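Since the structure is predicted, the reported quantities are computational estimates derived from the model, not experimental observations.
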Amino acid sequence: MARHLITSALPYINGIKHLGNMVGSMLPADVYSRYLRQRGHDVLYICATDEHGTPAELAAKEQGLPVDVFCAQAHDAQKAVYDGFALAFDHFGRSSSAENVEITQHFARKLHENGFIEERAIRQVYSPADGRFLPDRYVEGTCPHCGYDKARGDQCENCTRVLDPTDLIEPRSAISGSTDLEVRETKHLFLLQSKLQNEVAEWVTRHDGVWPHLASSIAHKWLTEGLHDRAITRDLDWGVPVPADTWPELAAEGKVFYVWFDAPIEYLGSTKEWADQDPENRDWKSWWYDVDIEVRYTQFMAKDNVPFHTVMFPATELGIREPWKKVDFVKAFNWLTYYGGKFSTSQKRGVFTDQALEILPADYWRYFLIANAPESDDASFTWEHFTATVNKDLADTLGNFVNRVLSFSKKRFGEEVPAGGEPGEAETKLGEQITELLAEYESHMESLQFRKAASALRALWSAGNSYLEEKAPWLEIKTDKDAAALTLRTAMNLIHLYAVVSEPFIPTTSKAMREAFSLPDDTATWVTPEEARSLTAVPVGTPFIVPPVLFAKLTDDDLELYKERFGGE
C-alpha cells in the first residue's frame with residue numbers, strides 16, 4: 001500500500017479557533033487520514049501550533065505572561081479542543097521546538113550558500129522608549145482611510161486596507177504606548193524569490209489539472225503578479241534565531257526569522273519531533289527526503305494560506321537545492337462564513353470550537369461541517385441549516401434506523417441476532433444497491449470530494465431506511481416471523497457496515513454502533529464489495545445491546561437558545 005504524508009495548515013497559537021478554521025484544514029485532513037488508514041495505507045498526519053510572530057508576543061503581554069509560558073499554555077488548550085473533536089494526529093507539535101529551530105536554520109544556511117538570501121538595509125520604525133525597532137504590528141494608530149483608531153501598521157482590521165506603519169495617523173508603540181517614534185535604518189535578510197520565479201512557475205504548472213482549480217488559480221495569480229524579494233527576519237524577542245555562524249551581526253542584534261519563513265518548515269520539524277520520541281523505530285527523513293516516488297504528500301488549507309504553500313514555501317525548498325519532499329496535492333477550501341459574515345477571533349463573531357463542544361458532541365459538528373464543506377464556493381453557517389441537517393441526516397436517517405432496528409428486535413426476538421429465513425429478492429437488491437453506493441463513496445473519498453462523499457454516505461444510510469420501510473418487519477411479524485427475523489438480521493448487518501464506513505466522519509458514533517454487537521473477532525477496517533452484497537458480517541446468535549440515542553433531535557427552543565447566545569441573521 002502507498003505511504004501518505006498529510007499536513008493541515010498550522011493553527012496560530014493566539015486564541016481558540018472557530019468552526020471555519022476547523023473545516024478549512026484540520027477536520028478534512030483528519031477525515032481523509034482516517035479513511036486511508038482504514039483502507040490499509042501507511043499514513044502520517046502531522047500538524048502543530050504556529051507560535052512565532054508579533055501577535056503571540058502581544059497576547060502574552062496582555063496576559064502578563066512570558067511568551068514561552070503563554071505559548072505552552074495555549075498549545076495545551078488548543079490540543080484539548082482538537083482531542084475533543086477526535087482529530088487523530090500522529091503528532092501535534094510546536095513551531096517553537098528545538099527541531100524546528102534546527103531545520104529552519106539549516107534551510108537558511110543552504111539558501112545563503114546558494115545565493116538566494118542577501119542582507120539589505122531598510123528603514124523601520126524605532127521606539128526610543130522601548131529601545132527597539134518595532135515590527136509592523138507593534139505600531140498602532142488611526143487609519144488614514146476610515147479613521148479607525150486601533151489600526152495596525154500592516155493592516156486596518158476595520159476597513160481591511162493594507163498599510164505601512166508610516167501611513168498611520170498619530171502612530172504609537174503597541175508595547176509602551178509611546179508616541180515618540182523615529183524611522184531609522186536597520187538590516188534584514190531577504191529571500192530572493194525573484195531569482196526563483198521561473199523554477200516555481202514551472203513546478204506549479206506541472207500540477208495544472210491535478211490540484212483543485214482554487215489552489216491552482218491562486219498560485220498562478222501570484223506568479224503572474226511576479227515574485228518579489230521578501231524580508232524573512234524581524235526584530236522580535238520570540239522566534240527562530242538567525243544563526244550566529246552565518247550572520248553574526250544580525251544575530252548579535254537579536255534578529256529572528258519571520259513567522260512565515262519558519263512556520264511551513266515546522267511540518268518537517270513536527271515530523272522530527274514525532275521521530276525523536278521513538279528514534280529506534282521512526283525515521284523522519286524517510287517521509288521528507290528524496291521520497292518523491294514512495295510518499296504522496298497532501299496538504300489541507302483555507303484559501304488565504306494557499307500562496308504561502310504553493311509559491312513561497314516551494315520557492316524555499318527549490319532554493320535549498322536538496323531533495324526535500326514537495327506537496328503533491330493541495331486541497332484548498334473557501335471560507336465558511338457565519339450568516340454570510342466573517343468569523344472573527346478578535347470580535348468574537350461566530351461559533352468557536354471549544355464552545356461547539358460545550359453545546360453538542362463532536363460528531364454533530366464533524367458531520368455537518370464536512371457535509372457542507374466550502375469546497376467550490378464560500379458556505380454559510382446558520383443555526384437553521386445546522387439544526388435541519390442534524391435532525392434529518394443524523395437523528396432521523398441514521399440514529400432512528402439504528403434505534404428502531406435494535407429496539408424492535410430485542411422486543412420480539414431477545415438480545416441476540418435472530419436467524420430467520422434465507423435472503424430473497426429484496427436482500428439481493430439491497431446488497432447490489434449498497435455495493436454501488438459504497439463504491440461511489442470510496443470514489444469521492446479518493447478524490448477528496450468531501451461534500452459528495454457525505455452525500456454518498458447519507459445515501460447509504462437512506463438505503464437502510466428504504467429497505468426497512470419496504471419490508472416492514474412490524475407487519476411481517478404478524479404473519480411470517482422468519483421473514484421479520486431475516487429483515488432485522490439484514491438491518492443489523494447494515495448497522496455494522498455503517499459503523500465501519502462512517503468512521504472517518506463520525507468516529508465516536510461509529511464506535512458505539514460497532515460495540516452494540518459482541519463480536520470478539522471484529523477486526524474489520526473496511527467493507528469489500530462481496531461483504532456489502534452478502535451483509536453477513538454479524539452472525540446469527542451474536543449478542544447485542546441497544547445503545548443510547550445516537551443523535552438527539554434539536555428543537556425550536558434549542559435553535560432560539562443558540563441564536564440568542566451566538567447571534568443570528
Side-chain angles (χ1 to χ4, degrees), residues 10 12-15 49-71 74 95-96 104 119-191 230-242 247 249-263 304 308 344-347:
L10 308 184
Y12 194 66
I13 193 66
N14 191 10
T49 39
D50 177 8
E51 300 187 6
H52 295 138
T54 310
E57 286 195 0
L58 291 176
K61 180 177 179 292
E62 287 178 6
Q63 294 192 19
L65 294 172
V67 66
D68 58 337
V69 174
F70 166 79
C71 287
S95 68
S96 59
T104 297
E119 197 173 311
R120 294 181 181 176
I122 63 170
R123 295 179 64 77
Q124 189 174 337
V125 175
Y126 184 86
S127 169
D130 299 307
R132 62 181 291 176
F133 285 98
L134 300 180
D136 296 350
R137 286 198 172 202
Y138 272 38
V139 185
E140 295 179 345
T142 299
C143 175
H145 304 287
C146 71
Y148 181 61
D149 65 356
K150 294 183 178 61
R152 299 189 304 257
D154 61 343
Q155 187 177 34
C156 175
E157 188 180 61
N158 186 57
C159 69
T160 74
R161 296 286 287 270
V162 175
L163 301 172
D164 186 270
T166 55
D167 296 333
L168 295 173
I169 300 169
E170 298 181 348
R172 61 188 179 273
S173 166
I175 302 172
S176 62
S178 173
T179 58
D180 179 21
L181 303 180
E182 304 171 2
V183 177
R184 296 185 183 180
E185 187 175 275
T186 185
K187 291 181 178 179
H188 280 285
L189 298 179
F190 278 73
L191 176 61
R230 189 177 181 93
I232 59 168
T233 51
R234 291 291 189 271
D235 294 282
L236 295 170
D237 297 327
W238 178 244
V240 175
V242 169
W247 296 281
E249 181 183 341
L250 297 187
E253 294 174 1
K255 307 285 187 184
V256 301
F257 286 108
Y258 178 41
V259 62
W260 265 112
F261 182 74
D262 82 85
D304 58 328
F308 300 101
S344 172
T345 302
S346 59
Q347 298 180 13

Non-hydrogen side-chain atoms of [X] and [Y] separated by less than 4.5 Å:
X	Y	answer
Leu163	Leu168	yes
Ser96	Trp238	yes
Asp262	Ser95	yes

> Under 3.5 Å, is there a donor-acceptor pair between the side chain of His52 and the main chain of Val259?
Replying inline: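 Checking the backbone N and O of Val259 against the side chain of His52, no donor-acceptor pair under 3.5 Å is found.
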>> Walk me through whether Leu236 and Tyr258 qualify under side chain to side chain contact (heavy atoms under 4.5 Å, CB included).
In response: CA-CA 9 Å; Leu236 295 170; Tyr258 178 41; over 6 Å; no
>> If you compare all heavy atoms of Asn158 against all heavy atoms of Cys146, which two are closest, and at what distance to 0.1 Å?
In response: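 Nearest pair, atom of Asn158 first, then Cys146: ND2-SG, 3.3 Å.
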>> Working note: Arg132 + Ile175, criterion side chain to side chain contact (heavy atoms under 4.5 Å, CB included); need CA distance, chi angles, decisive distance, verdict.
In response: CA-CA 10 Å; Arg132 62 181 291 176; Ile175 302 172; 3.6 Å; yes
N/O donor to acceptor pairs below 3.5 angstrom from side-chain atoms of residues 178-186, sequence neighbours left out:
| unit_1 | atom_1 | unit_2 | atom_2 | d |
| --- | --- | --- | --- | --- |
| Ser178 | OG | Asp180 | N | 3.1 |
| Glu182 | OE1 | Arg184 | NE | 2.8 |
| Glu182 | OE1 | Arg184 | NH2 | 3.0 |
| Thr186 | OG1 | Lys255 | NZ | 2.8 |

> Partners of Tyr126 by ring pair (Phe, Tyr, Trp, His ring centres under 6.0 Å), sequence neighbours excluded?
Replying inline: Phe133
> ring pair (Phe, Tyr, Trp, His ring centres under 6.0 Å) with Phe308: which residues, sequence neighbours excluded?
Replying inline: Trp260
>> Apply side-chain hydrogen bond (donor to acceptor under 3.5 Å, both in side chains) to residues Asp235 and His188 and explain how you reach the verdict.
In response: CA-CA 9 Å; Asp235 294 282; His188 280 285; 3.0 Å; yes
> What pairs meet the side-chain hydrogen bond (donor to acceptor under 3.5 Å, both in side chains) rule with one or both residues in residues 61-71, with sequence neighbours excluded?
Replying inline: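 Every pair satisfying side-chain hydrogen bond (donor to acceptor under 3.5 Å, both in side chains) with a residue in residues 61-71: there are none.
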> Thr233 and Lys187: side chain to side chain contact (heavy atoms under 4.5 Å, CB included), yes or no, with the steps?
Replying inline: CA-CA 9 Å; Thr233 51; Lys187 291 181 178 179; over 6 Å; no
>> Working note: Phe257 + Val242, criterion side chain to side chain contact (heavy atoms under 4.5 Å, CB included); need CA distance, chi angles, decisive distance, verdict.
In response: CA-CA 6 Å; Phe257 286 108; Val242 169; 4.3 Å; yes
Output a table of donor-acceptor pairs, distance under 3.5 Å, between side-chain atoms of residues 137-144 and any protein atom two or more places apart or on a different chain; print 'none' if there are none.
| unit_1 | atom_1 | unit_2 | atom_2 | d |
| --- | --- | --- | --- | --- |
| Arg137 | NE | Asp154 | OD2 | 3.0 |
| Tyr138 | OH | Glu57 | OE1 | 2.0 |

> Of all residues at least two apart in sequence or in a different chain, which pass the side chain to side chain donor-acceptor pair (under 3.5 Å) check with Asp130?
Replying inline: Ser127, Ser173, Ser176
